[in-house]
Amino acid sequence: MPELPEVEVVARGLREKILGKFIKNVDVKHPKVVGGESHVAGFVKSLNGASITKVERHGKLLFLKLSTKHTLVVHLKLTGQLIFIDKDGKGYKGGHTQKVYDTAPPHKHTHIIISFSDGSHLYFNDLRRFGWMKVVATNDLPKVAPDPTLSDFDKSDFIKRVQKHPKISVYKALLDQTVVSGMGNIYVNELLWRCKIYPLILVSKLPRKNIDAIANAIKPLLLEAIKYGGSSANTFVKIDGSKGTFTDHLDVYHREGKPCHRKDGGTVARVKVGGRSTFFCPMCQKKAD
DNA sequence: GCGGGTGTTCACGC
DNA sequence: CGCGTGAACACCCG
(Lines give C-alpha, C1' and ligand atoms only; values in the text may rest on other atoms or scores of the structure.)
Protein backbone atom coordinates (compact mmCIF):
# COMPACT_ATOMS: atom_id res chain seq x y z
CA MET A 1 0.00 0.00 0.00
CA PRO A 2 1.85 2.74 1.40
CA GLU A 3 4.22 5.07 -0.23
CA LEU A 4 4.54 8.68 0.79
CA PRO A 5 1.22 9.94 -0.66
CA GLU A 6 -0.79 7.10 0.85
CA VAL A 7 0.80 7.56 4.26
CA GLU A 8 0.10 11.29 4.06
CA VAL A 9 -3.55 10.58 3.25
CA VAL A 10 -3.68 8.43 6.37
CA ALA A 11 -1.96 11.16 8.40
CA ARG A 12 -4.51 13.73 7.24
CA GLY A 13 -7.35 11.41 8.10
CA LEU A 14 -5.94 10.87 11.56
CA ARG A 15 -5.48 14.61 12.11
CA GLU A 16 -9.13 15.07 11.37
CA LYS A 17 -10.31 12.26 13.61
CA ILE A 18 -8.09 11.48 16.56
CA LEU A 19 -6.30 14.65 17.66
CA GLY A 20 -6.96 15.29 21.33
CA LYS A 21 -8.53 11.91 21.96
CA PHE A 22 -7.52 9.96 25.05
CA ILE A 23 -6.43 6.36 24.80
CA LYS A 24 -8.52 4.26 27.11
CA ASN A 25 -7.46 0.77 26.11
CA VAL A 26 -4.99 -0.99 23.84
CA ASP A 27 -5.54 -4.54 22.66
CA VAL A 28 -2.57 -6.24 21.04
CA LYS A 29 -3.89 -9.30 19.25
CA HIS A 30 -0.64 -10.12 17.51
CA PRO A 31 2.57 -9.38 19.46
CA LYS A 32 4.81 -9.56 16.38
CA VAL A 33 3.45 -6.18 15.27
CA VAL A 34 4.92 -4.48 18.33
CA GLY A 35 8.21 -6.38 18.29
CA GLY A 36 7.23 -9.61 19.99
CA GLU A 37 5.70 -10.88 23.20
CA SER A 38 8.25 -9.15 25.41
CA HIS A 39 7.26 -5.72 24.11
CA VAL A 40 3.50 -5.99 24.56
CA ALA A 41 3.18 -4.89 28.18
CA GLY A 42 5.45 -1.87 27.74
CA PHE A 43 3.70 -0.88 24.55
CA VAL A 44 0.27 -0.95 26.16
CA LYS A 45 1.43 0.81 29.30
CA SER A 46 3.05 3.69 27.45
CA LEU A 47 -0.14 4.34 25.47
CA ASN A 48 -2.82 3.95 28.10
CA GLY A 49 -4.08 7.26 29.44
CA ALA A 50 -2.17 9.37 26.92
CA SER A 51 -3.82 11.67 24.41
CA ILE A 52 -2.85 12.28 20.78
CA THR A 53 -1.37 15.76 20.50
CA LYS A 54 0.00 15.77 16.98
CA VAL A 55 0.17 13.60 13.88
CA GLU A 56 3.28 13.86 11.73
CA ARG A 57 4.68 11.94 8.82
CA HIS A 58 8.14 11.64 7.36
CA GLY A 59 8.50 9.52 4.27
CA LYS A 60 6.55 6.36 4.93
CA LEU A 61 6.70 6.68 8.72
CA LEU A 62 3.81 7.96 10.79
CA PHE A 63 4.41 9.69 14.10
CA LEU A 64 1.52 9.99 16.54
CA LYS A 65 2.79 12.30 19.23
CA LEU A 66 1.44 11.71 22.69
CA SER A 67 0.74 13.98 25.64
CA THR A 68 3.58 12.16 27.38
CA LYS A 69 7.15 12.45 26.16
CA HIS A 70 6.57 9.58 23.80
CA THR A 71 5.51 9.04 20.21
CA LEU A 72 3.73 6.14 18.60
CA VAL A 73 5.65 5.30 15.41
CA VAL A 74 3.88 3.31 12.70
CA HIS A 75 5.16 1.70 9.51
CA LEU A 76 2.50 0.15 7.30
CA LYS A 77 4.95 -1.74 5.06
CA LEU A 78 3.09 -3.47 2.21
CA THR A 79 -0.37 -4.18 3.50
CA GLY A 80 -0.83 -2.30 6.77
CA GLN A 81 -3.98 -0.26 7.26
CA LEU A 82 -5.22 2.13 9.91
CA ILE A 83 -9.00 2.31 10.10
CA PHE A 84 -10.90 4.69 12.35
CA ILE A 85 -14.43 3.89 13.42
CA ASP A 86 -16.60 6.22 15.45
CA LYS A 87 -18.45 5.39 18.62
CA ASP A 88 -21.66 4.70 16.72
CA GLY A 89 -19.85 2.32 14.38
CA LYS A 90 -20.95 4.31 11.36
CA GLY A 91 -18.88 5.93 8.68
CA TYR A 92 -16.96 2.92 7.41
CA LYS A 93 -16.87 3.27 3.66
CA GLY A 94 -15.11 0.08 2.63
CA GLY A 95 -16.70 -3.27 2.09
CA HIS A 96 -17.67 -2.79 -1.54
CA THR A 97 -15.80 -5.80 -2.84
CA GLN A 98 -16.16 -9.40 -1.84
CA LYS A 99 -12.53 -9.62 -0.83
CA VAL A 100 -11.43 -10.81 2.59
CA TYR A 101 -9.52 -7.65 3.34
CA ASP A 102 -12.38 -5.29 2.59
CA THR A 103 -14.61 -5.66 5.61
CA ALA A 104 -15.10 -3.45 8.64
CA PRO A 105 -12.65 -4.21 11.43
CA PRO A 106 -12.10 -5.90 13.71
CA HIS A 107 -11.49 -8.99 11.62
CA LYS A 108 -8.90 -11.73 11.35
CA HIS A 109 -6.24 -9.31 10.11
CA THR A 110 -6.79 -6.75 12.84
CA HIS A 111 -3.73 -6.93 15.08
CA ILE A 112 -4.04 -3.90 17.31
CA ILE A 113 -7.11 -2.07 18.58
CA ILE A 114 -6.69 1.32 20.19
CA SER A 115 -9.85 2.41 21.99
CA PHE A 116 -10.42 6.05 22.83
CA SER A 117 -12.31 7.41 25.81
CA ASP A 118 -15.12 8.72 23.59
CA GLY A 119 -15.92 5.20 22.39
CA SER A 120 -14.20 5.42 19.02
CA HIS A 121 -11.54 2.97 17.85
CA LEU A 122 -8.42 2.91 15.72
CA TYR A 123 -7.67 -0.45 14.11
CA PHE A 124 -4.34 -1.59 12.77
CA ASN A 125 -4.89 -4.26 10.13
CA ASP A 126 -2.13 -6.00 8.28
CA LEU A 127 -2.72 -8.93 6.01
CA ARG A 128 0.93 -9.87 5.69
CA ARG A 129 2.01 -8.70 9.13
CA PHE A 130 5.13 -6.93 7.95
CA GLY A 131 4.01 -3.61 9.37
CA TRP A 132 4.83 -2.53 12.89
CA MET A 133 4.11 -0.08 15.66
CA LYS A 134 6.32 1.01 18.48
CA VAL A 135 6.47 3.69 21.13
CA VAL A 136 9.67 5.69 21.36
CA ALA A 137 10.83 8.75 23.28
CA THR A 138 9.85 11.80 21.23
CA ASN A 139 13.35 13.25 21.41
CA ASP A 140 14.74 9.98 20.13
CA LEU A 141 12.85 9.56 16.85
CA PRO A 142 14.66 7.70 14.06
CA LYS A 143 16.75 9.77 11.67
CA VAL A 144 15.51 9.63 8.13
CA ALA A 145 16.48 10.95 4.71
CA PRO A 146 14.78 14.13 3.43
CA ASP A 147 11.11 14.04 2.50
CA PRO A 148 10.36 15.80 -0.83
CA THR A 149 7.05 17.22 0.34
CA LEU A 150 8.31 18.87 3.52
CA SER A 151 9.29 22.51 3.62
CA ASP A 152 12.95 21.87 4.40
CA PHE A 153 13.48 19.75 1.28
CA ASP A 154 16.55 20.99 -0.54
CA LYS A 155 16.90 20.13 -4.22
CA SER A 156 20.66 20.47 -4.41
CA ASP A 157 21.09 18.29 -1.35
CA PHE A 158 18.76 15.74 -2.92
CA ILE A 159 20.86 15.72 -6.09
CA LYS A 160 24.01 15.19 -4.03
CA ARG A 161 22.42 12.29 -2.23
CA VAL A 162 21.46 10.61 -5.48
CA GLN A 163 24.94 11.15 -6.88
CA LYS A 164 26.50 9.38 -3.93
CA HIS A 165 25.45 6.16 -5.66
CA PRO A 166 26.98 6.45 -9.13
CA LYS A 167 27.04 2.73 -9.82
CA ILE A 168 23.39 1.92 -9.32
CA SER A 169 20.46 2.68 -11.58
CA VAL A 170 18.44 5.82 -11.03
CA TYR A 171 15.48 3.52 -10.38
CA LYS A 172 17.25 1.87 -7.47
CA ALA A 173 18.66 5.09 -6.13
CA LEU A 174 15.20 6.64 -5.88
CA LEU A 175 13.84 3.57 -4.11
CA ASP A 176 16.63 3.79 -1.53
CA GLN A 177 15.13 5.25 1.65
CA THR A 178 18.53 6.54 2.75
CA VAL A 179 18.66 8.70 -0.40
CA VAL A 180 15.15 10.10 -0.23
CA SER A 181 12.26 9.19 2.04
CA GLY A 182 8.92 8.04 0.79
CA MET A 183 9.37 6.83 -2.76
CA GLY A 184 8.20 3.32 -3.59
CA ASN A 185 7.73 1.37 -6.77
CA ILE A 186 4.64 3.20 -7.97
CA TYR A 187 5.97 6.73 -7.67
CA VAL A 188 9.49 6.00 -8.86
CA ASN A 189 8.04 4.53 -12.04
CA GLU A 190 5.69 7.45 -12.48
CA LEU A 191 8.40 10.00 -11.77
CA LEU A 192 10.81 8.56 -14.32
CA TRP A 193 8.06 8.47 -16.95
CA ARG A 194 7.24 12.10 -16.31
CA CYS A 195 10.90 13.00 -16.66
CA LYS A 196 11.37 10.79 -19.73
CA ILE A 197 14.24 8.89 -18.13
CA TYR A 198 15.15 5.25 -18.76
CA PRO A 199 14.89 3.60 -15.32
CA LEU A 200 18.01 1.46 -15.65
CA ILE A 201 20.44 4.22 -16.58
CA LEU A 202 23.26 4.41 -14.05
CA VAL A 203 23.37 7.49 -11.88
CA SER A 204 26.89 8.19 -13.16
CA LYS A 205 25.57 8.35 -16.73
CA LEU A 206 22.55 10.45 -15.94
CA PRO A 207 22.79 13.86 -17.61
CA ARG A 208 22.63 16.80 -15.24
CA LYS A 209 19.45 18.09 -16.82
CA ASN A 210 17.77 14.78 -16.03
CA ILE A 211 18.69 14.92 -12.36
CA ASP A 212 17.40 18.47 -12.25
CA ALA A 213 14.18 17.33 -13.89
CA ILE A 214 13.72 14.66 -11.22
CA ALA A 215 14.40 17.14 -8.43
CA ASN A 216 11.78 19.47 -9.88
CA ALA A 217 9.13 16.85 -10.67
CA ILE A 218 9.20 14.82 -7.49
CA LYS A 219 7.20 17.10 -5.23
CA PRO A 220 4.43 17.98 -7.73
CA LEU A 221 3.92 14.28 -8.46
CA LEU A 222 3.58 13.37 -4.79
CA LEU A 223 1.29 16.31 -4.04
CA GLU A 224 -0.93 15.39 -6.96
CA ALA A 225 -1.19 11.83 -5.70
CA ILE A 226 -2.09 13.10 -2.22
CA LYS A 227 -4.76 15.33 -3.74
CA TYR A 228 -6.44 12.28 -5.26
CA GLY A 229 -6.24 10.35 -2.00
CA GLY A 230 -3.32 8.13 -3.03
CA SER A 231 -3.21 5.04 -5.23
CA SER A 232 -5.30 2.04 -4.27
CA ALA A 233 -3.45 -0.24 -6.65
CA ASN A 234 -3.44 -2.94 -4.02
CA THR A 235 -4.72 -2.91 -0.47
CA PHE A 236 -4.50 0.78 0.32
CA VAL A 237 -7.55 2.44 1.81
CA LYS A 238 -8.06 5.71 3.67
CA ILE A 239 -8.89 5.58 7.36
CA ASP A 240 -12.61 5.34 6.56
CA GLY A 241 -12.02 2.32 4.33
CA SER A 242 -12.55 4.17 1.05
CA LYS A 243 -10.09 4.04 -1.81
CA GLY A 244 -7.78 6.63 -3.29
CA THR A 245 -8.31 7.52 -6.93
CA PHE A 246 -4.82 8.35 -8.14
CA THR A 247 -4.78 4.79 -9.47
CA ASP A 248 -6.83 6.18 -12.36
CA HIS A 249 -4.14 8.72 -13.10
CA LEU A 250 -1.12 6.43 -13.24
CA ASP A 251 0.78 6.64 -16.51
CA VAL A 252 2.94 3.52 -16.39
CA TYR A 253 2.60 1.61 -13.14
CA HIS A 254 0.65 -1.62 -13.76
CA ARG A 255 0.04 -0.54 -17.36
CA GLU A 256 2.20 -3.10 -19.11
CA GLY A 257 1.14 -3.59 -22.72
CA LYS A 258 -1.06 -0.52 -22.74
CA PRO A 259 -0.42 2.55 -24.87
CA CYS A 260 1.75 5.28 -23.42
CA HIS A 261 -0.26 8.35 -22.50
CA ARG A 262 1.94 10.56 -24.70
CA LYS A 263 0.64 10.85 -28.21
CA ASP A 264 3.96 9.88 -29.75
CA GLY A 265 4.67 7.23 -27.14
CA GLY A 266 4.96 3.47 -27.45
CA THR A 267 3.64 0.52 -25.47
CA VAL A 268 4.36 0.40 -21.76
CA ALA A 269 6.98 -2.25 -21.00
CA ARG A 270 7.83 -4.11 -17.83
CA VAL A 271 11.28 -5.22 -16.74
CA LYS A 272 12.39 -7.04 -13.61
CA VAL A 273 14.97 -5.19 -11.56
CA GLY A 274 16.18 -6.74 -8.35
CA GLY A 275 13.01 -8.76 -8.02
CA ARG A 276 10.56 -5.96 -8.67
CA SER A 277 8.74 -4.78 -11.73
CA THR A 278 9.79 -1.60 -13.43
CA PHE A 279 7.31 -0.07 -15.85
CA PHE A 280 8.30 2.42 -18.53
CA CYS A 281 7.65 3.56 -22.07
CA PRO A 282 10.49 2.44 -24.37
CA MET A 283 9.78 5.33 -26.72
CA CYS A 284 9.67 8.20 -24.22
CA GLN A 285 12.27 6.75 -21.90
CA LYS A 286 15.05 5.69 -24.23
CA LYS A 287 18.35 4.30 -23.02
CA ALA A 288 20.25 7.21 -24.47
CA ASP A 289 19.09 10.48 -25.93
C1' DG B 1 -1.15 -25.29 -7.33
C1' DC B 2 1.88 -21.47 -8.70
C1' DG B 3 3.54 -16.89 -9.18
C1' DG B 4 3.23 -12.16 -7.94
C1' DG B 5 2.97 -8.25 -4.82
C1' DT B 6 3.11 -1.48 -2.48
C1' DG B 7 8.49 -2.47 1.88
C1' DT B 8 12.59 -3.40 4.45
C1' DT B 9 16.42 -6.07 6.17
C1' DC B 10 19.87 -9.44 6.19
C1' DA B 11 23.12 -13.00 4.53
C1' DC B 12 26.06 -14.08 1.01
C1' DG B 13 29.32 -13.73 -2.93
C1' DC B 14 32.09 -10.92 -5.78
C1' DC C 1 32.77 -0.70 1.81
C1' DG C 2 29.65 -1.13 -2.48
C1' DC C 3 26.66 -3.69 -5.20
C1' DG C 4 23.52 -7.52 -6.86
C1' DT C 5 20.84 -11.40 -5.72
C1' DG C 6 17.85 -14.01 -3.16
C1' DA C 7 15.50 -14.99 0.90
C1' DA C 8 12.77 -13.85 4.70
C1' DC C 9 8.62 -11.96 6.84
C1' DA C 10 2.92 -13.91 5.52
C1' DC C 11 -1.27 -14.03 2.94
C1' DC C 12 -4.61 -13.31 -0.66
C1' DC C 13 -5.61 -13.17 -5.45
C1' DG C 14 -5.79 -14.29 -10.37
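Convention: sequence-line order gives letters A, B, ...; per-chain numbering from 1. Since we're looking at a predicted model, the values are computed, not measured. Computation of the quantities below employed the complete heavy-atom set of this structure, encompassing side-chain atoms and omitting hydrogens, waters and symmetry-equivalent molecules.
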**Request:** Measure from CG on A:D176 to C1' on B:dG7 and round the result to the nearest Å.
**Result:** 13 Å
**Item:** Pairing of A:K87 and A:D118 as salt bridge, 4.0 angstrom limit
**Value:** no
**Item:** Mate of B:dG7 where both pairing distances stay under 3.5 Å, Watson-Crick or G-U
**Value:** C:dC9
**Prompt:** Does A:Q177 put a side-chain nitrogen or oxygen below 4.0 Å from OP1 or OP2 of B:dG7?
**Reply:** no
**Request:** Test A:S115 against every option in A:K24, A:H121, A:K21 by the side-chain hydrogen bond (donor to acceptor under 3.5 Å, both in side chains) rule and name the one that passes.
**Result:** A:H121
**Asked** Just to confirm, is there a sub-4.0 Å distance from OP1 or OP2 of B:dG5 to any side-chain nitrogen or oxygen of A:S277?
**Response** yes
**Fill in**
Minimal heavy-atom distance between A:A173 and A:V162, with the atoms involved, is CB-CG1, 4.4 Å
**Request:** Can you check each nucleotide of nucleotides 6-11 of chain C against protein heavy atoms at under 4.0 Å and return B for base, S for sugar-phosphate only, - for none, in 5' to 3' order?
**Result:** ---BBB
**Asked** Applying the side chain to side chain contact (heavy atoms under 4.5 Å, CB included) test to A:L174, which of A:V179, A:N189, A:N185, A:L192 qualifies?
**Response** A:L192
**Asked** Between A:K69 and A:N139, is any side-chain donor less than 3.5 angstrom from a side-chain acceptor?
**Response** no
**Asked** When A:F236 is tested against each of A:V10, A:L76, A:V7 for side chain to side chain contact (heavy atoms under 4.5 Å, CB included), which residue passes?
**Response** A:V10
**Item:** OP1 or OP2 of B:dT8 under 4.0 Å from side-chain N/O of A:H75
**Value:** yes
**Request:** Would you kindly give the CG-to-C1' distance between A:L78 and C:dC13, to the nearest whole Å?
**Result:** 15 Å
**Item:** A:Y171 OH to B:dG7 C1', straight-line distance once rounded to whole Å
**Value:** 11 Å
